[in-house]
Amino acid sequence: MDNISELERLISIRIIQEDAETIFALLSSERDSIFAMEIIPYYALFVQSCQEYMGKNFLPEEIALSIKDIRNHIKSYAESFGKSKRKVASIDQEQDTNFRSQLRFNFLKSWNIHLNLGTYWTEDHHIIGNTQQLAAFFDSKDLSDPKVGKKLYDLGYQIGSFVSSVRSGLLAALGQSAVARTANAVKIKNYYDINTNKHNILFVDNTSKELNLFYLHLLCNMNFVKYILRPLFPDENTWVFRVEYIVTYYTFRALLRLKNYCENNDDIVADINGIKELEMAESDMFQTRFRNCMMHYGLENQDVLSFEYIERPFFGIIENCFNGTDYQTYLRALHSFSDRIIIFLEKHFNCSDIALKKL
């Protein structure tokens with residue numbers, strides 16, 4: 001094996017170790033139930049990518065299938081917008097039927113007085129999660145069903161066991177990989193419940209339920225990373241960096257799919273010019289060579305490493321892919337582009353006007 005091939009293999013393993021340490025730190029410290037559910041797709045991404053790199057499935061078959069399905073939700077809205085529109089409508093209908101059925105008296109079910117969407121917020125009015133998206137994550141019509149709780153417990157147990165096992169094995173082989181923290185103990189305390197069948201103050205434009213929910217799910221993903229996950233670690237944490245990159249990429253791609261749909265169909269009216277402005281600002285940030293090594297662990301034969309930059313943050317991968325651009329410069333650009341997407345999405349919501357309640 002030549003030197004560069006051995007380097008690629010060792011760095012791949014080192015990145016897995018650093019990510020395992022970060023996830024282990026979260027599993028060891030965070031107890032907020034909303035955080036625990038919102039973060040699972042990113043844990044699932046780690047588990048699935050590790051198993052793909054190792055070429056072996058280490059989890060029970062049912063759990064392995066759940067992990068793969070949950071991982072795929074990260075990119076689900078980046079498919080054709082027609083498919084996304086049908087998906088958000090289906091989830092909304094399932095939740096509407098579920099909550100309508102919980103009304104005690106049958107005559108009330110036709111009154112449309114029930115609430116079918118719960119949203120979670122930061123203290124300063126940034127929406128970071130919602131119940132319909134969580135129902136989609138876990139393929140569940142009723143998150144309060146004890147069977148769902150048992151399923152999520154088993155899923156969490158298997159993820160935790162896998163992460164702990166990987167961490168212990170690499171710790172013994174490679175030594176300690178320290179994880180710096182800037183904050184601990186996330187607490188998500190604010191919520192706001194609505195009925196999506198009615199005109200609601202949350203949405204600036206109430207003409208298309210499907211488009212409003214599509215924007216909502218994208219915004220929750222982006223804001224969860226910016227306002228909940230990122231503050232827990234310093235900028236040097238490359239697992240958080242990779243999560244932000246992946247979420248930003250798939251959100252941007254979802255908006256491009258929306259633009260393409262609107263250019264060829266007339267049943268949805270969206271801010272195409274705003275999406276075009278984002279498209280112009282992207283500046284090849286998501287080039288294929290770099291994106292592949294952000295989505296997967298195997299750096300072998302990807303031509304993203306060199307001895308020249310190996311001592312740099314993230315092992316010089318950014319310098320090699322972007323003509324010498326350093327990690328901090330690229331990270332600032334990613335934050336800036338992520339913020340532009342958030343601004344585009346948030347203008348479709350009356351966030352400051354919402355009267356939040358405490359969980």
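The residues of the chain are indexed from 1 along the displayed sequence. Below, each value reflects all heavy atoms present in this structure, side chains not excepted, and no hydrogens, waters or symmetry copies.
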Applying a strict under-4.5 Å side-chain criterion to I, L, V, M, F, W and Y, I'd like to know whether Ile343 and Val225 cluster together. no
Between Arg9 and Glu6, does at least one N-O distance fall below 4.0 Å, as a salt bridge requires? yes
Between Tyr245 and Phe286, does the ring centre distance come in under 6.0 Å? yes
Relative to the ring of His126, is the ring of Tyr227 parallel (under 30°), tilted (30 to 60°) or perpendicular (over 60°)? parallel
Quick one: closest heavy-atom pair of Arg230 and Val240, and the distance? CG-CG1, 3.7 Å
Ala185 backbone acceptor or donor facing Glu30 side chain under 3.5 Å: yes
Linked, directly or transitively: Leu65 and Leu45 (ILVMFWY side chains, under 4.5 Å): no
Does a donor on one side chain and an acceptor on the other come within less than 3.5 Å for Ser76 and Lys87? yes
Without hydrogens or angle criteria, can the side chains of Asn237 and Glu18 be said to hold a donor-acceptor pair below 3.5 Å? no
Could you walk me through whether Arg242 and Asp19 satisfy the salt bridge (Lys or Arg N to Asp or Glu O under 4.0 Å) test, starting with their C-alpha distance in whole Å, then the side-chain angles of each, then the deciding distance to 0.1 Å, before giving a yes or no? CA-CA 10 Å; Arg242 290 170 62 244; Asp19 287 0; 2.4 Å; yes
Heavy-atom neighbours of Tyr153 OH exceed 12 at 6.0 Å: no
Test log, rule ring pair (Phe, Tyr, Trp, His ring centres under 6.0 Å), inputs Phe203 and Tyr215: CA-CA 10 Å; Phe203 305 116; Tyr215 283 147; 9.8 Å; no
Return yes if a side-chain donor-acceptor contact under 3.5 Å exists between Asp92 and Gln132, otherwise no. yes
Aromatic ring centroids of Tyr53 and Tyr297 under 6.0 Å? no
Pair Ser5, Glu300: side-chain N/O donor-acceptor within cut-off below 3.5 Å: no
Tell me whether Thr182 contacts the main-chain N or O of Pro231 through its side chain, where contact means a donor paired with an acceptor under 3.5 Å. yes
Under 3.5 Å, is there a donor-acceptor pair linking the side chains of Arg71 and Ser49? no
Within 45 degrees of the ring normal and closer than 6.0 Å to the centroid, is that where the cationic atom of Arg167 sits relative to Phe24? yes
Closest non-hydrogen atom pair between Met37 and Pro41, with its separation: O-CD, 3.8 Å
Please lay out, stage by stage, how Ser84 and Glu79 fare under the test side chain to side chain donor-acceptor pair (under 3.5 Å). CA-CA 7 Å; Ser84 295; Glu79 299 168 342; 5.6 Å; no
Count I, L, V, M, F, W, Y as connected when their side-chain heavy atoms are under 4.5 Å apart, and connections chain through other members. Are Ile268 and Leu256 then in the same cluster? yes
Quick one: do Lys357 and Asn190 satisfy side chain to side chain donor-acceptor pair (under 3.5 Å)? Show the steps, please. CA-CA 5 Å; Lys357 297 181 180 180; Asn190 301 288; over 6 Å; no
Any Tyr120 side-chain heavy atom under 4.5 Å of Ile127 side chain: no
Candidates Phe344, Tyr77, Phe337 - the one meeting ring-ring contact (aromatic ring centres under 6.0 Å, His included) with Phe252: Phe337
Does Leu174 share a hydrophobic cluster with Leu305, counting links as ILVMFWY side-chain heavy atoms below 4.5 Å and allowing steps through other members? yes
Flag the pair Glu282 and Arg340 as a salt bridge only when some basic side-chain nitrogen lies within less than 4.0 angstrom of an acidic carboxylate oxygen. no
Distance (rounded to the nearest 0.5 Å) between Cys220 SG and Leu216 CG: 4.5 Å
Between Lys259 and Glu279 (salt bridge meaning N to carboxylate O under 4.0 Å), is one present in this structure? yes
Nearest non-hydrogen partners of Glu38 and Asn130, listed with the distance: OE2-N, 3.8 Å
Asp339-Ser336 side chain donor-acceptor pair, cut-off 3.5 Å: no
Heavy atoms of Val166 and Ala20 approach each other most closely as CG1-CB, 4.2 Å
Would you call the rings of Phe290 and Phe241 parallel, tilted or perpendicular, where under 30° means parallel and over 60° means perpendicular? tilted
For Glu263, I'd like to know if atom CD has over 12 heavy atoms of other residues, nucleotides or ligands within 6.0 Å. yes
Does CG belonging to Asn323 count more than 12 external heavy atoms closer than 6.0 Å? no
Starting at CG of Leu255, measure out to CZ of Phe214 and round the result to the nearest 0.5 Å. 6.0 Å
Closest non-hydrogen contact found for Ile11 with Leu299 is CG2-CD1, 3.6 Å
Do you know the tightest heavy-atom contact between Thr248 and Ile341? CG2-CD1, 3.8 Å
Side-chain contact test, heavy atoms from C-beta onward, threshold under 4.5 Å: evaluate it for Tyr327 versus Phe315 and give yes or no. no
Would Asn72 and Gln48 count as a side chain to side chain donor-acceptor pair (under 3.5 Å) here? Give the steps. CA-CA 10 Å; Asn72 289 340; Gln48 183 64 22; over 6 Å; no
Going from NE2 on His73 to CZ on Phe137, what distance comes out if it is rounded to the nearest 0.5 angstrom? 7.5 Å
Are Lys85 and Glu210 ion-paired here, with the side-chain N under 4.0 Å from a carboxylate O? no
Looking only at side-chain N and O atoms, does Gln93 offer a donor or acceptor that is under 3.5 Å from a partner on Thr97? yes
Please indicate whether Lys187 has more than 12 foreign heavy atoms, meaning atoms of other residues, nucleotides or ligands, lying under 6.0 Å from its NZ. no
Tell me whether Gln287 at atom CD has more than 12 heavy atoms from other residues, nucleotides or ligands lying less than 6.0 Å away. yes
Evaluate the ring planes of Phe322 and Tyr330, with Trp represented by its six-membered ring, and classify them as parallel (under 30°), tilted (30 to 60°) or perpendicular (over 60°). tilted
When you check the side-chain N and O atoms of Asp96 and Asn197, is any donor under 3.5 Å from an acceptor? yes
Quiz question: by atom type and distance under 3.5 Å, do the side chains of Arg289 and Asn292 form a donor-acceptor pair? no
Parallel, tilted or perpendicular: rings of Tyr42 and Phe224 (30°, 60°): parallel
Do the side chains of Lys68 and Glu52 get close enough for a salt bridge, i.e. N-O under 4.0 angstrom? no
With distance as the sole test, does Gln133 use its side chain to make a donor-acceptor pair with the main-chain N or O of His217 at under 3.5 Å? yes
